[in-house]
Structure formats: structure tokens, C-alpha cells
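Below you'll find the structure, written out as C-alpha cells, and then a few comments.
Labels below follow one simple rule: chain letters A, B, ... track the order of the sequence lines, proteins then strands, and each chain is numbered from 1.
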Amino acid sequence: MSERSKAVVARKVSKHYGEGNTYVRALGETDFELLSGEVIALLGPSGSGKSTLLTILGLINEPDGGDLEIGGQVVIRDGEFVGNTNRVRRRELGFVFQRSNLIPFLTAEENVRLVLELDGVGQRIARQRSREMLETLGVGDRGAHYPVELSGGQQQRVAIARALIHEPALVLADEPTASLDKERGRQVMELFRSAARERGAGVLVVTHDHRSLDLVDRTLEIEDGFLIAEGIAQKPQGGSGE
Amino acid sequence: MNLALRDIRHDLSRFTLTAVGLGLLLTVVLAMTGIYNGIIVDATALPASLQADLWVVQRDTRGPFAELSRLPADLEDRALAVPGVARARSYVAHTIQRELPDGRPLRFTAVGLAWPVDKGESIPLIEGRPLDQAHYEVIVDESLGLQLGERIRLARDMYTVVGVTKGILASAGDAVAFFTRADAQSIQYDQSSEAIRLDREARTQRIRESWLGNDPEFVRFAETATGLIPAIAPAPVSAVMINVAPGASIEMVKQRLATWKDISVYSQEDQNELILGGIVEKTRKQIGLFRALLVVISTILMSLIIYTMTVDKLHSIALLKLLGAKQTVILGMILQEALLLGAIAYTIAIVVGRYAFERFPRRVILENEHLIMLALLVLAISSIASAIGMKKALAADPNEVLAG
């Protein structure tokens, strides 16, 4: 595993909100690594700092201090964004949410294609690649449909297609299976695992759902802003032993 | 991928209805501009068609268009005696509202031409000919809806339409009909037989009761037709139009006439200024204020629409930011939607106006410069409207997406 490149390297990343009486430590100094092709589940109760870590890794909020590399590129140094964060988000990050968060006025295929076109990929190539991605995720026949015309599971697959289409270094997934039944939840987690393996993306899944933890490589537990435990995920019965 | 077009496509009916509403509002703005232009052209069309160099009117009045003016008819002859005057024509005009036998309303301004000096040769005709006889012929504007050769009864006589003009209207927007002066006054002063009889009896009675009644000759005169009484006829005129002789100075003739104590003299330019400054000025201000109000309403409406459209997709905008979309992509989407809305509304205004304005009771005149002005106005409105939406979009926070 150590020979693989690192999708994320976080060093002493910390964050607090408020001052004086309202001071809240959201994230203590945190060191954290995620390898390319690895799927990590981040576990923890509400208010433990999961979302804070996610927004820092997603380059939405600046931390108070610390350094962050994504895909070998320094994006935060001493708590400040370095370079064009928009471009890093376009190229190196993919997002999946609890609700699919597809753009309602775009069709499924356009939602996926958008990510490529935002980064300057030509329309023809972007269309072809997004169709292939939707085919791969089993929703190729739903490309012309608007999000409201898709089931929850189909929407989530389209969202995953959007997160993976540009082959990002890091995919951040926030409770991606929370609104799905067990079977569909497992399907989604399997998609993440295969995407990580086949496309070399590091996947960080924030979840409360313990039903599919056997499909991740590692688990991290966070409490009161600190990573308190790291574990190897349970292997599925009769699994490949990956 | 054009996000603006896709957003519009997704809710096309709302966008279309909004564009239609805004377009109709712009149609009213356009109509106001056109009506104002029409008022100016209408107000000056009649004096322009009569092609007078100078207008002689009652002393200290601004007649005959901006104010009532009364002059003795013989002033025509006095004016002709002034060196440099080639032609003097009396001008009489009054508004008539009647009904045709088929029930159509017939409202027009009757203008009397000084037959035989003026047969209406200077009036621009689109059909027919000038007047050819001293009575019972009329030249009408096409807006009156009468056909060449059509005969209409006015007062006690039948008149035949012998010529048709286009766009010769009075300042109030009524069509103008040209008669000989005698006919115009005959129509103006027409009374029923009973009214004439009562008037004559009243006049005779007044004479009898005064010291004049001691003379039977006066009483006999009072009992005759009004037109035959030398002290009463002829009826006054509104103005006398002067044309100076070739080579003569208009200014010099004007100065000579201005020495007369019973009249005022205006050049054609003076007359236009009096008309525009008097009759049109208040209308201009009123229409100008109305137009300004409509522009403000359009801007507010459009701002509200663009703002609402932006608020409706704030979550999508936050998501776009999270996906790394450049600010220009997001702001461009809002600006494009506003511009497209403005452009469609503008087109609707032009198209609706083209068909609707012809049916307006008053003339609506629009030149290319007015259409360009409206286009620039719509561009400004769209930009202002989009600025409010853009401000909202800039404040959209990608955290909202993660917060669900």
C-alpha cells in the first residue's frame, strides 16, 4: 500500500469557530493520509468534526493552520489556500452527497458532462465520455432524463458518475448511502470501491451507515475534533481478501 | 454548455410568460414614444400643408391653432395691398362631429379654403384632385374612412369627396376635411329653419323695442335673411395666410404687417413653435413622465424576475461553485438570462407594436432611432436587473450544499 501514491496528505490541519465564550474547536491538529485507490470510511457522531474535515479537504473552508496536499499538489500551506482552489476543485476533487445534488435544470448526461466542460474539455469528447461513464454505472439509458425523472438510486449513480468523470485524485462522499436501502447502499459503496481500484482515486466516505463498512479499506473514527481510532475494515464473508 | 439556455429550457413556460408580459410593457413604452411623435407631426401637418409664409391673426392672440382668433374677412384684401404680398387667403376651421347614415361616427376639422384663390393645390393628395368648383366638393384625409367619389350630407347639402390626403390631421388628432370657405362656414353656421325663424323674430323684436324701431326701414331689414343684412355679413375668419411674391423678403413683409394695430403676424416657424410650445408641451411632459414611470416599472419587474430566477437556483449555483465553476460562468448565466429576456421582450414589443399601432385611434410614429433607443434602454434595464441577481449569486456559499 505504501508504494501507491498519496491522494491526500494532511499535516496538523486544525479549525475552530467563534472566540471567547463562543469558541468551539471543530478540528484539532489532524494528520491524515489517503492513498490513491483506497476507500476510507470516516465515522463519528454528529458534531464530531466530520463535516469540518470534509469542507477543508473540499477546499471550501480554510483551516486555522496546517498543510494539505491533494494529488501531490500543495493546496493549503500554514492554513491558507495556495494557488487556484477553483481549478483544484474542478480537476482533483469529486463530490457525492447524501442527496444526489444534481442540477435540476440539466439532464443526467449534462450533469456529468458539465464537470468536464467547466474545465475546458470540448463538447463532443465530454459528451462521449459522460455517456460511457453513465453506461459503466448502469444508467446509460437515463442520460436524457432530468433528475426528477430518476429514482433515488439512479440519481446517486449519476452523482457518482459526475464525481468520477474527470478522474479526480480525491472523491469526497458525505453520507452517500443514507437515503438508500441496504442493497442500494451496498451497490453504491461497491461503485466507490471499484472506482478507486480502476481509476486510482482516493475515496473518503463520511458515513453513519455501518452496513457497508466491509467494503472499505480502512475506517477512521473522529470525536470532538480528533481522529481517535483507525481500523481495518471487516472483510466480507467469502471476500477476495483484498 | 450554455447553462442559461438550459435553465430557460427547463422552465420554458414561465420564461415565455415573463417575456410576453415584459414585452407588452415595452410595447406600451414604445407606444408612448410613437404617440408623442405622432402628436408633433399631427400638430404641424395642417399648417405645413397650407404652405403659408406668414399667418395674420387677431391682435395679441396666438391663433389660429394654439388659440382662438377672429378677424374680419376683408383683411384678406387689406393684406393684398401690402407690397411684397403675392397671395392672401383667409383661413377658417372648426370641428364637426356627425354620424353617417350607416351609423359610423364622422368627426373632423373642417378647413375653409379661400376659393378661388386657393383650390387646395398645395395640399398633398394621394388620390383625386383639388377642388374644382365653388361648392359641394371636399378633400378629406384617408383616416376619415371616406372613399373618393363618396357623397356625404352636411348641413343642408350633399358634398362629394374629390381628393384624399394622408396624414393631414388637426392638433387634436382629428382628420382634416378641406372645403371652400363659403361651404365650411355654411356648415358651421347651419341652423334649423325653426332656429332661424326664432332668431329672426328675436332680432326684429329687439329692433322694434329700440329707437331704431321708429324707422320702418330698419324693421324691414331685421326681418330679412341674416346673410342679406350688410351690417352683419360676412362672417369673420380665423386667420389670413400670406404668401410673399418671389424675391420679396418674408421678414420685411412681416415687419410691414406688424405695424397694423389690429393684428399679430407669425411666420411658419413661429406658428410651429406656438403649436409645439402650447398644445404639445404639456402632452410631451405627461407622456415623458409616463414613459419614465413605465421604464422604472419595467426595471423593477425585470429585476424581480431575474432575482427570483436566481434565488430559485441558489442551491445549483452553490453546487456549481463547489464543482469549481468560475465566477464568470455563474455570472454569465444570470446576465445571459437577463439579456435574453430583454431581447425577447424587445422583439415582442416590436412585433406587437407593428400590428397594434396601426389600429390605434391616434397616429403612432416610430423611426429607427426610437427603436435603437428602446434597444439601448432594454440593454440597460437587463444589466441593472441582472446586477441584483448577480449580487445574490456571488453570496451563494458552497457550504450550503454540504449542509444539505
Side-chain angles (χ1 to χ4, degrees), chain A residues 50-61 84-107 109-123 126-127 130 146-148 159 162-163 165-166 168 172-175 178-179 206, chain B residues 1-19 305-338 340-341 389-390 392-404:
Chain A
K50 297 192 303 290
S51 293
T52 301
L53 182 59
L54 206 64
T55 60
I56 291 170
L57 294 174
L59 305 183
I60 298 164
N61 291 334
N84 187 336
T85 53
N86 260 352
R87 189 167 55 203
V88 175
R89 279 211 294 269
R90 279 201 304 272
R91 294 183 177 172
E92 305 295 348
L93 295 178
F95 295 91
V96 181
F97 310 95
Q98 179 180 343
R99 293 185 304 166
S100 65
N101 268 313
L102 298 174
I103 293 176
F105 56 83
L106 299 181
T107 62
E109 189 257 312
E110 287 167 345
N111 262 286
V112 178
R113 177 151 62 96
L114 174 70
V115 179
L116 294 175
E117 289 193 19
L118 285 177
D119 202 34
V121 177
Q123 202 176 70
R127 183 175 283 129
S130 55
Y146 286 103
V148 291
R162 183 180 65 189
I165 184 74
H166 53 305
L172 298 169
D174 187 14
E175 303 281 4
S179 59
V206 174
Chain B
M1 183 188 308
N2 188 303
L3 293 174
L5 287 179
R6 280 171 173 74
D7 184 32
I8 291 166
R9 178 191 65 184
H10 185 61
D11 202 348
L12 192 60
S13 55
R14 183 175 76 161
F15 186 85
T16 307
L17 280 174
T18 304
I305 291 159
I306 296 294
Y307 179 80
T308 310
M309 285 171 74
T310 307
V311 168
D312 283 354
K313 53 178 179 286
L314 268 186
H315 190 79
S316 297
I317 289 170
L319 185 59
L320 282 167
K321 286 185 174 181
L322 187 66
L323 296 176
K326 294 174 186 166
Q327 297 278 37
T328 49
V329 171
I330 295 166
L331 300 184
M333 173 176 65
I334 294 165
L335 182 63
Q336 284 167 30
E337 285 182 4
L340 199 61
L341 187 63
M390 283 180 190
K392 190 74 184 169
L394 285 174
D397 183 0
N399 272 310
E400 289 172 17
V401 182
L402 290 174

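Here the closest non-hydrogen pair linking B/M1 and A/E110 is CE-O, 3.4 Å. Across all their heavy atoms, A/N101 and B/L319 have their closest contact at O-CD2, 2.6 Å. Looking at every heavy atom in both residues, B/L3 comes nearest to A/F105 through O-CE1, 3.8 Å. When every heavy atom of A/F95 is checked against every heavy atom of B/L322, the shortest pair comes out as CE1-O, 3.4 Å.
With values rounded to the nearest 0.5 angstrom, A/L106 atom CG is found 7.5 Å from B/R9 atom CZ.
For B/K326, the parts lying under 4.5 angstrom from a heavy atom of chain A are both the backbone and the side chain. When heavy atoms are compared at a cutoff of 4.5 Å, A/R87 does not approach chain B at all. Within the 4.5 angstrom heavy-atom criterion, atoms from both the backbone and the side chain of A/L114 approach chain B. For A/T55, the parts lying near chain B are the backbone and the side chain together; criterion is any non-hydrogen pair under 4.5 Å.
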**Q.** side-chain contact (heavy atoms from CB on, under 4.5 Å) assessment of B/R6 paired with A/I103
**A.** CA-CA 11 Å; B/R6 280 171 173 74; A/I103 293 176; over 6 Å; no

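Ranked by non-hydrogen atom pairs under 4.5 Å with chain B, the options A/L54, A/N61, A/V115 are led by A/N61.
More than 12 non-hydrogen atoms from other residues, nucleotides or ligands lie less than 6.0 angstrom from OH of A/Y146.
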